[in-house]
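Shown next, in structure tokens, is the structure this report addresses.
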Amino acid sequence: MIKRIKHSLEYLIDKSSRNKTSIAEENLLNDFAFTQYQLSKWNDTSMGNSDEVSQEIYENIQLRIGKKKSFNPYLKYMAAASILFLVGLGFYFKSNIAVEKQLSFKTSDSPKSIELSDGSKIYLAANSLFQYPEKFEGDERKVSLLKGNAFFEVAKDKKHPFIISSGEIKTRVVGTSFHIQLSKSKCEVIVVTGKVNVSSKGQSVDLVPNEEALFESEKLTKQMADKSFLVNWYNTDVTLNQTTLKQVITILQYKYGVSFKYNNEQVLATPLTVFIKKDASLENVLEQINYITNLKFKVYDEIVKVD
């Protein structure tokens with residue numbers, strides 16, 4: 001009976017997160033959450049202050065789905081009730097997990113790096129947003145890439161798996177290095193060292209160095225990675241020898257969080273050799289390419305037009 005209730009609840013919550021629920025299903029979730037909140041007893045000693053815990057979870061939900069969207073008036077109750085319901089099902093609960101302080105790391109027009117409390121290093125591309133706890137607690141180290149691209153150098157800890165949420169996929173590792181590239185239409189995970197598991201919606205693939213997982217159109221597939229991505233080009237000088245403009249643009253899109261638009265696709269076959277310093281600005285790299293190819297680049301926020 002408990003398993004059936006838990007399964008139904010997980011199904012409805014997942015459906016609601018994708019805006020697929022009917023009005024009746026949403027009302028059912030609201031009524032259930034509010035009832036559980038009223039009936040359950042909160043232990044302040046072991047679980048922390050109920051208002052503070054539910055408010056923090058509520059704010060994290062706001063950060064994830066955007067403050068411009070409308071919110072259910074019972075969302076705070078649902079946050080607290082979800083904890084109480086899990087406790088009622090026999091899940092072990094630690095108050096320091098629930099009140100874990102979440103921090104945000106955002107980049108503008110240039111890549112930046114950060115070191116987490118466990119020693120893991122994250123190199124964030126330009127125009128990206130990353131969320132992480134001030135200090136890791138509990139059995140898992142959970143973080144989120146909310147926008148853009150990043151390179152991860154995860155500190156090894158077999159007892160505490162490192163889990164990254166990015167869009168609709170989860171990447172699970174122990175200690176390794178890899179890229180995650182997130183856009184509106186797809187998400188890519190490219191492994192440089194170690195082993196990585198990528199999963200989404202009942203699909204799962206295991207990756208080793210030189211392999212890539214691609215999640216696109218609700219489908220998760222595994223393929224060989226482009227050699228250009230097998231280095232930390234966010235924080236390393238990169239020389240692209242005798243390559244094409246298409247390959248260079250691909251790197252620049254991920255490193256600087258921009259997209260390129262061009263009238264003539266034939267320019268993508270233009271051969272060139274480019275040296276990209278780790279701290280070079282996008283404008284400096286474009287000037288270098290312009291000198292070699294005589295192409296003109298115009299930057300409009302996160303869009304680069306090629307003439």
In chain order, what residues pass the salt bridge (Lys or Arg N to Asp or Glu O under 4.0 Å) check against Lys112, with sequence neighbours excluded?
none
Please examine the side chains of Glu134 and Ser117, heavy atoms only from C-beta on, and report whether any two atoms are closer than 4.5 Å.
no
Listing request: all side-chain hydrogen bond (donor to acceptor under 3.5 Å, both in side chains) pairs with a residue in residues 297-307, at least two apart in sequence or in separate chains.
none
Just so I know, are the side chains of Tyr262 and Val304 near enough to count as touching, which here means a heavy-atom distance under 4.5 Å?
no
Give a yes or no on whether a salt bridge exists between Asp206 and Lys195, defined as a side-chain N under 4.0 angstrom from a carboxylate O.
no
Sole residue of Ser200, Ser204, Ser165, Ser144 in side chain to side chain donor-acceptor pair (under 3.5 Å) with Lys170
Ser165
Other residues, nucleotides, ligands: >12 heavy atoms within 6.0 Å of Asn264 CG
yes
Check each of Tyr123, Phe152, Phe229 against Phe178 using the ring-ring contact (aromatic ring centres under 6.0 Å, His included) test, and report the only one that passes.
Phe152
I'd like to know if Glu140 and Arg172 make a salt bridge, using a cut-off of under 4.0 Å between side-chain N and carboxylate O.
yes
Does a donor on one side chain and an acceptor on the other come within less than 3.5 Å for Thr239 and Asn241?
no
Using a distance-only test with no angle check, is there a side-chain donor-acceptor pair under 3.5 angstrom linking Glu188 and Tyr254?
yes
Considering only residues two or more places apart or on different chains, which pairs with a residue in residues 268-293 satisfy ring-ring contact (aromatic ring centres under 6.0 Å, His included)?
none
Please determine whether a side-chain nitrogen of the Lys or Arg among Glu212 and Lys222 lies less than 4.0 Å from a carboxylate oxygen of the Asp or Glu.
no
Report the relative orientation of the aromatic rings in Phe151 and Tyr234; use parallel for angles under 30°, tilted for 30 to 60°, perpendicular for over 60°.
tilted
